[in-house]
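So the structure is just underneath, and the comments pick up after that.
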Amino acid sequence: MFRYAEVLVDVANRRLDQSFHYLVPEYLNLKIGMRVLVSLQNRKVQGLVVNLTNELREEMEGVNLKHVIEIVDEDSLVPSDLIELAHWLSQTTICSIAQSLHTVWPLLKGKVEAWIVLLASIEDSDVQTLQWLDSEAFRGLTVLNRARKKAISLKVFLKRANISVETLDKLLRHGLAKKEMRFIGTAQSSIEQVIKPEQNKKADSDKSQSGRTYELTKEQATAVKGVLAALEEGSPQTVLLHGVTGSGKTEVYRELISQVLAQGGDAILLVPEISLTSQVARSFESQFGEQVIILHSGLGQREKMKAWSDIVSGLKRIVIGARSAVFAPLPHLRLIILDEEHDGAYKQDENPKYHARDVARKRMDQRKGVVLLGSATPSLEAYAAGQTGKIRMLSMTTRIGTSVLPPVEIVDMRDELRQGNRSIFSLPLQQKLRERVDRGEQTMLFLNRRGYSTFVVCRECGYVVSCPNCDIALTYHTQGQAMRCHYCDYKELPPHTCPKCGSRYIRFFGQGTQRVEEEIQGLFPDVPILRLDYDTTRSSEAHHTILDSFRRQEASILVGTQMMAKGLDFPNVTLVGVIAADQTLNMPDFRARERTFQLLTQVAGRAGRSSKPGEVVIQTYSPRDSAVVRAANHDFQGFFWEEINYRKERKYPPFTHIIRVLLLHEKEDRVIKGANALGACLQQGMQEPEFGNTDLDILGPAPAVLSKLRNQWRWQISVKGTRQDLLRSFLHQGVQRFFKSPSSNGIILNIEVDPLST
Ligand code: ADP
Ligand code: ZN
Ligand code: ZN
């Protein structure tokens, strides 16, 4: 018996983002996940029990608590392992339990209920089975037989048939009926209404081949074996599959999922962006049929409810989706795969700011299952964990069939300028483009436009204006016309001439895909061109339309942003051009080099994926930067060791953790005052014995890269340290202190643990 219950009140209401504590009367047998009636501000309201404890937090001592009034419903609204997951989420990402519960279980208007389903009818059953049937059992079967769709909720069944639990057990044991968990929406009927005949998915060009399965290559078979071995151990495991682009990782996933299914398990396949994976998703659907469900953000509330119901009841056993699909409530979850695990899309930008990799890890810890991370360019964190033996590592080093990794040419854009070429396309790229157009082959051109920041580069010598303190590119802010370091707030005026070579060709970077498209159309007036970026793909249908059109070879050239780099497989693409590697390279972020390496490798991986050999051209002002050179040489290992040493030296992740606090306010002076006050509160914390002699390090306050967004000024403070728990409690105390100071009035705090970009 527990003394206190933590209750989320009025859970379906998103605005009420708070939990309250109540006393548990001795006569109530409360369980986590139950719905209860409590009083709040003299009203009786429903709430969900999210925690039971015998002790209260310090600040709650002495508060006059009320009693839980009664239990509304013995059934659990949310399965208890998912409530545990929500607690973990709110602790690790520093957000409220309500917020994380909404994330873990987005349908808080409904519940999970046990149902009984009739399996065999009395007429079909053989004599042996019938022998033991007594009148009570008969009554049960008759009730089931009459029920709609021969299924009925357990509670109603026991009441209506008036039979004992023992008899029910017998029915189940003899295979006459089965018990399953179902997710029931608030309006009982709504579930029925959303059951529509499966729409026939539009068949299109690649449908005919999509169901194919191959004889696995030796490398693939070894990888499959490795993961199966981990699964068999029955302890929580993470496996990293490092396979070069085109090595056939998807086939490995397919085989593993089919094996897991055969063993009675369920699986989740996560992809960075669902709209770009129709290819994979369709091929899984044609192999596994009805057992596959694809979760995407376009699902309406009712479709989602239906999806949840199908997943909870075991009808669907393979879930494919983006980040949030990691929460899919599969009852026998054994395997979670993250394809392209390095991708930033796995981190959620809003509260709770979770990383799907961490959630997957936590879920598989609960279930003693396996997380499989797949990538051609693993994140530094994952690869480092592999190197130190914390996780297992498997690798696939060759492309499928006769296909080889394409040769990559680095073009120095400073030379181009010297030769009088002011176009954004170098002469080598122009020439190779022309060859492709003549041969009827296809080209993809990448432009990475990320964030809103601008950096300043000398077109003559490639010099990038960067911070003398932080070794990170300075960011040009139109407001105030200054160059700023957003780590340490160093400032200087933008130069008119290059500080290094004196050239006047100073360039403020930040060109768009549209401009690239226009310029290329100028070079090749009659060639059909497609563009794929956030402007042309507002709707997810548009993605398919553009990509399908390109696949049908209706255009020779596809111009797009990094969203194209992800997992696309077009056999006729033999040339890939990167317009400016510098755009990622000079992001003011310690991960800039890692991102550049990943992006270039992934992008290059789109070329020459079938029998026709491919080629890649990378244009840059930093032709000797090792992220660029290593990517051009397909040298992941070399890059990894270099970068990991740099991170170690600089005390960046994975050697430390970072918590970033973003402060927002409409008035600039207020946000600056607030940031300074928070800075002071944190500094004060360093005086405490608990934190004094640790490696905690406060960075800032400084303006955020986006110093103003949606009319709010943004400043930030980061704290670094090797121990995450220490970091969290340090921040917690600092923030508490800050909220007591008048400078905190009206300031919005936005806290993020281990942000992907800083
Ligand atoms: P990756 O995800 O590692 O970049 P893919 O899974 O897209 O690679 O596979 C690359 C190509 O090889 C795809 O066209 C795929 O259909 C094909 N493929 C994969 N495995 C095999 C195999 N065992 N035999 C023949 N072709 C294969
Ligand atoms: Zn700096
Ligand atoms: Zn210069």
Side-chain angles (χ1 to χ4, degrees), residues 205-227 239-259 269-274 276-288 320 337-343 345-346 372-379 382-383 393-406 442 444 547-548 550-553 562-574 576 598-614 616 631 634 636:
S205 52
D206 63 347
K207 174 89 186 188
S208 55
Q209 331 154 0
S210 57
R212 68 195 161 187
T213 43
Y214 304 97
E215 193 75 35
L216 293 183
T217 65
K218 231 179 175 169
E219 275 193 332
Q220 284 173 323
T222 310
V224 167
K225 241 193 237 156
V227 181
V239 182
L240 172 63
L241 174 59
H242 177 207
V244 297
T245 55
S247 59
K249 293 185 284 296
T250 318
E251 276 316 296
V252 173
Y253 305 155
R254 186 203 298 281
E255 179 59 25
L256 282 169
I257 290 177
S258 119
Q259 299 261 3
L269 172 59
L270 297 178
V271 291
E273 220 163 319
I274 193 74
L276 289 175
T277 52
S278 51
Q279 244 180 319
V280 176
R282 274 184 228 139
S283 81
F284 273 70
E285 273 184 327
S286 62
Q287 182 179 349
F288 298 106
I320 301 179
I337 301 172
L338 275 82
D339 188 27
E340 312 288 355
E341 67 83 27
H342 62 275
D343 199 292
Y346 283 124
L372 176 61
L373 307 172
S375 178
T377 50
S379 61
Y383 199 79
M393 204 149 59
L394 300 166
S395 65
M396 300 200 295
T397 55
T398 51
R399 279 192 161 182
I400 296 286
T402 54
S403 163
V404 289
L405 289 172
Q442 290 174 294
M444 289 169 96
L547 291 174
D548 283 345
F550 191 62
R551 185 167 298 126
R552 285 194 298 269
Q553 303 186 22
Q562 74 270 10
M563 62 158 70
M564 292 197 305
K566 294 169 188 169
L568 295 178
D569 193 14
F570 299 113
N572 198 40
V573 171
T574 60
V576 161
Q598 288 167 347
L599 188 74
L600 293 178
T601 307
Q602 293 289 345
V603 161
R606 301 309 115 210
R609 289 171 69 87
S610 68
S611 49
K612 293 176 200 161
V616 180
H634 308 291
F636 178 85

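Side chains are part of it too, since the values below use all heavy atoms of this structure and drop only hydrogens, waters and symmetry mates. Counting starts at 1 for both ligands and their atoms, following the listed order. Because the structure is predicted, anything quoted here is derived from the model rather than measured.
Of the listed options Leu241, Leu216, Thr250, Thr250 places a heavy atom closest to atom 2 (O) of ligand 1. For atom 19 (C) of ligand 1, the choice among Glu251, Glu340, Met396 with the nearest heavy atom turns out to be Glu251. If you check each of Ala221, Gly248, Gly243 against atom 9 (O) of ligand 1, the one with the closest non-hydrogen atom is Gly248.
For Glu215, every heavy-atom contact with ligand 1 shorter than 4.0 Å involves the backbone, none the side chain. Contacts between Ile400 and ligand 1 below 4.0 angstrom, taking non-hydrogen atoms only, involve the side chain exclusively. With a 4.0 Å heavy-atom cut-off, ligand 1 is reached by the backbone of Val244 but not by any atom from C-beta on.
The ligand atoms of ligand 1 that sit less than 4.0 angstrom from a heavy atom of Thr217 are 23 (N). Residue Thr245 approaches ligand 1 through these ligand atoms, each under 4.0 Å from one of its heavy atoms: 4 (O).
Between His342 and Pro378, the shortest heavy-atom distance links the atoms CB-C, 4.1 Å.
Between Gln598 and Ser375, the closest side-chain pair of non-hydrogen atoms is not below 4.5 Å.
For ligand 1, the polar-atom distance check against Lys249 finds a nitrogen or oxygen pair separated by under 3.5 Å.
Checked by atom type and distance alone, the side chain of Gln220 pairs as donor or acceptor with a backbone atom of Gly248 at under 3.5 Å. Side-chain N or O atoms of Glu341 include one that pairs as donor or acceptor with a backbone N or O of Ser379 at under 3.5 Å. Panel note: side chain Lys612, backbone Thr574; no donor-acceptor pair is recorded below 3.5 Å.
Relative ring orientation between Phe550 and Phe570 is described as perpendicular, the plane-to-plane angle rising above 60° on a 0-90° scale split at 30° and 60°.
Under the 3.5 Å distance criterion, with hydrogens and angles disregarded, no donor-acceptor pair is assigned to the side chains of Glu219 and Ser247.
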